[in-house]
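Sequential numbering from 1 along the given sequence is applied to the chain's residues. Order of listing sets the numbers, starting from 1, for every ligand and every atom in it.
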Amino acid sequence: MKNFYLTTAIDYANGSPHLGHAYEKILTDVIARAKRLDGYSVHFVTGLDEHGQKVQQGAQKEGILPQDRCDKVAAEFQAMLEKLNVSNDDYIRTTQARHKDVVSSILQNLYEKGEIYQTEYQGFYSTRAEQFLQEKDKVDGVWPEIFGEVTEITESNYFFKLSKYQDWLVDHISQNKDFILPTNRQAQVLEFLKEPLNDLCISRPKERLSWGIPLPFDENFVTYVWFDALVNYYSAVVSEDDDKKNFWPANLHVIGKDILTPPHAVYWPIMLHASDLDIPQSILAHGWWTTSGAKMSKSTGETVNPLSLVDQYGADSFRYFVMREMTVGQDAEFSLDRFQSRYRADLGNDLGNLLSRLLHMTQTYMSGLVPVAELSEAYEQELRDHWEKSRTSMLDHFRAYRFNLGLEEIFSFVRAINKYADNRLPWKLAKSEAPEDLQALQTCLATMLEGLRLVSVAISPVMPTVHTQIHERLSLEPVKLWKDELDWGDRLVGKNVKEKLILFPRD
Ligand code: MSP
C-alpha cells in the first residue's frame with residue numbers, strides 16, 4: 001500500500017482554538033479521509049507549538065509554570081479535534097522529549113557541518129516589548145511610548161546559512177510544480193526569492209527567553225521559533241518505531257497562507273536539504289477566514305463564536321459548511337446567515353428531505369424491502385448519466401483539493417434525484433393498482449435508493465457521521481475503500497431499510 005503522510009501547522013499554545021484552527025484541521029482531515037478511501041496508508045499528524053516568549057509570559061501572568069499552561073491549552077485543542085471528528089493518528093507537542101531530541105540532533109549536525117555560525121548582531125532593543133526594533137518602527141522620527149526605553153545593543157547569536165541555498169531552492173521550486181499549492185502561490189514565493197536571502201537567526205540568549213530548546217552546542221542559548229516548530233513534521237515520524245520512518249518525506253503540509261513565505265516555502269526545505277534529508281512533496285497554503293467571531297450575521301447583527309455552531313448544528317454540518325464555502329487558497333467571510341442558509345437549503349431541504357421521504361416511502365410502499373429496478377427508461381438513464389458525470393468530476397476535484405467544487409457536484413446530483421422523484425411521482429404511482437405502475441414504483445424507489453447510497457459514499461470524507469447514519473439506515477456498513485463503491489449497481493436490492501431519520505432538524 002502506498003504511504004501518504006500529511007500534517008497541519010502546529011497551533012501556538014498562547015491562546016484558545018478558533019475558526020482558523022478548526023478549518024485547517026477539518027481541511028486536512030478531509031484530505032486524510034479521502035486518501036484512505038483511495039487506498040493509501042495514511043499517517044496524519046497535528047499538534048501544538050509550545051515554546052516561546054508569549055507562552056512564557058502567559059504562564060507568568062497566570063502564576064503557573066509554562067508546562068502547566070501548555071498542558072491546559074493542549075487539552076483544549078485536543079477537545080476541539082475530537083468535537084470536529086478529526087481523525088489524526090498522532091498529536092505532537094514540541095515540549096515532548098521525542099521532539100526536543102530530534103531538534104537537538106539536527107542542530108548539532110548542522111553546527112558540525114559548518115552550516116551554523118555565531119556572530120554579533122547590533123540593533124535597537126526595547127526592553128519593555130522585549131524585541132528588536134527597526135528604523136521603520138519610529139513615528140515622526142522617535143520611538144513610540146509603547147516601547148519604553150530603547151537602547152542600541154550588541155548581542156551575540158547563532159545564524160543558519162540560508163543564503164547559500166537560495167539558487168538550489170529556486171531551481172527546486174521551478175522544477176517541481178506541485179511543491180507549492182495552489183500553484184498560483186508559486187510566483188509569490190519565487191518573487192520573494194528574487195531578493196538576496198539573509199542568513200537566519202536561530203537563537204535567543206537564555207536570559208531573555210528561557211522557555212525553549214537549548215542549543216546543544218551552547219547552553220546559554222535556546223532555539224528560536226521556526227527551527228523548533230518546523231522540525232515537528234520530521235520528529236513526529238522518526239523518533240519512535242521504525243515503521244513510521246517510512247513516512248518521511250511528508251507528502252503534504254497543510255498550512256495557512258501567512259506562514260508560507262518564508263517559513264514553510266524557504267526555511268523548511270533549506271533546513272532539510274542542508275541536513276541531507278529529503279524534502280516534502282507538497283505544501284498546500286489555504287486562505288484566511290475573516291470576521292472570526294466579530295459581527296457574523298448581516299441581518300441581525302448577531303455575534304456568535306463560529307465554533308459554538310458545532311454544538312448547535314453538529315460537526316458534520318460545520319465541516320460541510322467550511323468545505324463548501326471556501327475555495328482552498330482564497331479567503332472567505334464567515335457569516336451566520338450563510339451558514340444557516342446552507343444548513344437549511346443544501347442539508348435540510350436537499351439531502352435531509354431526500355433521506356427521510358425515501359425511507360418513509362420504502363417503509364410504506366415496500367415494507368422496507370429494497371425492490372429491483374426492472375425498468376430503465378429515459379428518466380432512469382438520465383439520472384445514471386448524471387451520476388457518471390458527477391462521479392468523475394467530483395473525484396477530480398477532491399484529488400486536486402477543490403472540495404467546494406466537488407461538493408457542489410455531489411449536491412447537484414442530490415437535487416437531480418429529487419427532480420427525478422418529481423418527474424416519476426412515486427406517491428402517485430403508489431395509488432395505482434396497475435401492474436406497470438407497481439413496476440415503475442419499484443424502479444423509482446430502487447433508483448433513488450441507489451442514488452442516495454452513492455451520495456452517502458461520496459460525502460463520507462466531509463461528513464463521516466452522516467455517511468455512517470445514512471448507510472446504517474440502508475443496512476450497510478460504513479465504506480472503507482472508495483474503489484467500486486462509487487459504481488452504480490444493485491447492492492441494495494433485498495436489503496431492509498430502516499425507519500426514517502431526521503438528519504438536519506429545523507433550527
Ligand atoms: N505555530 C505556528 C505554526 C507552526 S507550523 C510548524 C502558527 N500557529 S497559529 O496558531 O498562529 O496558526 C496555526 C494555523 O492556523 C496556521 O496555519 C494559520 O495560518 C492558521 N490560521 C490562523 N488563523 C486563521 C484564520 N483566521 N483563517 C484560516 N486559518 C488561519 O502559525
Side-chain angles (χ1 to χ4, degrees), residues 5-29 31 45-55 58 70 73-74 76-78 80-81 84 86 88 90-96 99 102-103 106 180-182 185 200 202 211-213 223-237 250 252-272 279-280 283-294 296 305-307 318 321-323 325-335 403:
Y5 173 32
L6 80 172
T7 64
T8 71
I10 49 170
D11 303 314
Y12 278 134
N14 62 0
S16 293
H18 57 62
L19 172 62
H21 301 125
Y23 167 68
E24 182 177 281
K25 280 42 184 188
I26 293 171
L27 168 63
T28 316
D29 185 55
I31 301 172
V45 176
T46 181
L48 202 61
D49 186 358
E50 305 193 352
H51 292 122
Q53 206 155 42
K54 289 218 174 101
V55 178
C70 291
V73 178
E76 244 188 288
F77 273 90
Q78 284 177 295
M80 172 192 79
L81 296 174
L84 294 170
V86 172
N88 53 304
D90 194 0
Y91 192 80
I92 187 156
R93 300 178 51 184
T94 54
T95 52
Q96 290 167 336
H99 172 72
V102 176
V103 171
I106 288 187
I180 311 274
L181 299 172
R185 292 228 174 255
L200 178 68
I202 59 150
W211 187 236
I213 303 175
T223 317
Y224 186 59
V225 185
W226 291 109
F227 231 93
D228 174 349
L230 287 163
V231 173
N232 91 84
Y233 303 133
Y234 182 64
S235 55
V237 289
L252 185 69
H253 294 315
V254 179
I255 54 159
K257 62 176 188 177
D258 58 315
I259 52 173
L260 177 66
T261 320
H264 282 81
V266 179
Y267 303 162
W268 183 224
I270 293 183
M271 282 161 63
L272 288 164
I279 63 171
I283 302 168
L284 178 65
H286 62 75
W288 268 48
W289 284 98
T290 52
T291 310
S292 300
M296 278 205 358
N305 174 0
L307 289 183
F318 188 83
F321 176 76
V322 293
M323 297 309 290
E325 209 60 16
M326 194 178 248
T327 302
V328 175
Q330 290 173 22
D331 293 349
E333 167 93 11
F334 199 99
S335 98
F403 294 102

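By the 3.5 Å distance cut-off applied to N or O atoms, Y12 is counted among the residues near ligand 1. The shortest N or O to N or O distance between D258 and ligand 1 is under 3.5 Å. Between H21 and ligand 1, a contact under 3.5 Å exists for at least one N or O pair. In terms of N/O distances under 3.5 Å, ligand 1 is not approached by L230.
Counting only heavy atoms from C-beta outward, the side chains of I10 and L48 never approach each other to under 4.5 Å.
Only side-chain heavy atoms of Y233 come within less than 4.0 Å of ligand 1; its backbone N, CA, C and O stay farther off. The part of D49 lying near ligand 1 is the side chain, judged by heavy-atom distances below 4.0 Å.
Under the rule for a salt bridge (Lys or Arg N to Asp or Glu O under 4.0 Å), the partners of D331 that lie at least two apart in sequence or sit in another chain are K257. For D29, the side-chain hydrogen bond (donor to acceptor under 3.5 Å, both in side chains) partners two or more places apart in sequence, or in a different chain, are R33, S87, R319.
Short contacts between ligand 1 and I255, defined as distances under 4.0 Å to a heavy atom of the residue, involve ligand atoms 17 (O). Listed by number with element, the atoms of ligand 1 under 4.0 Å from a non-hydrogen atom of A229 are 6 (C).
A donor-acceptor pair under 3.5 Å is formed between the side chain of H264 and the backbone N or O of I259. E325 places no side-chain N or O within 3.5 Å of a backbone atom of A332 that could act as its donor or acceptor partner. T94 contributes no side-chain N or O that, together with a main-chain N or O of A229, makes up a donor-acceptor pair within less than 3.5 Å. In this structure a side-chain-to-backbone donor-acceptor pair under 3.5 Å is present from H99 to D228. In this structure, the side chain of W211 does not engage the main chain of K54 through any donor-acceptor pair within 3.5 Å.
No heavy atom of W268 sits closer than 4.0 Å to any atom of ligand 1. G15 does not count as a contact of ligand 1, since none of its heavy atoms falls under 4.0 Å from the ligand.
Across the listed options H18, E24, K257, E24 owns the non-hydrogen atom lying nearest to atom 20 (C) of ligand 1. Of all the listed residues (G287, P306, G256), G287 holds the heavy atom that lies closest to atom 28 (C) of ligand 1.
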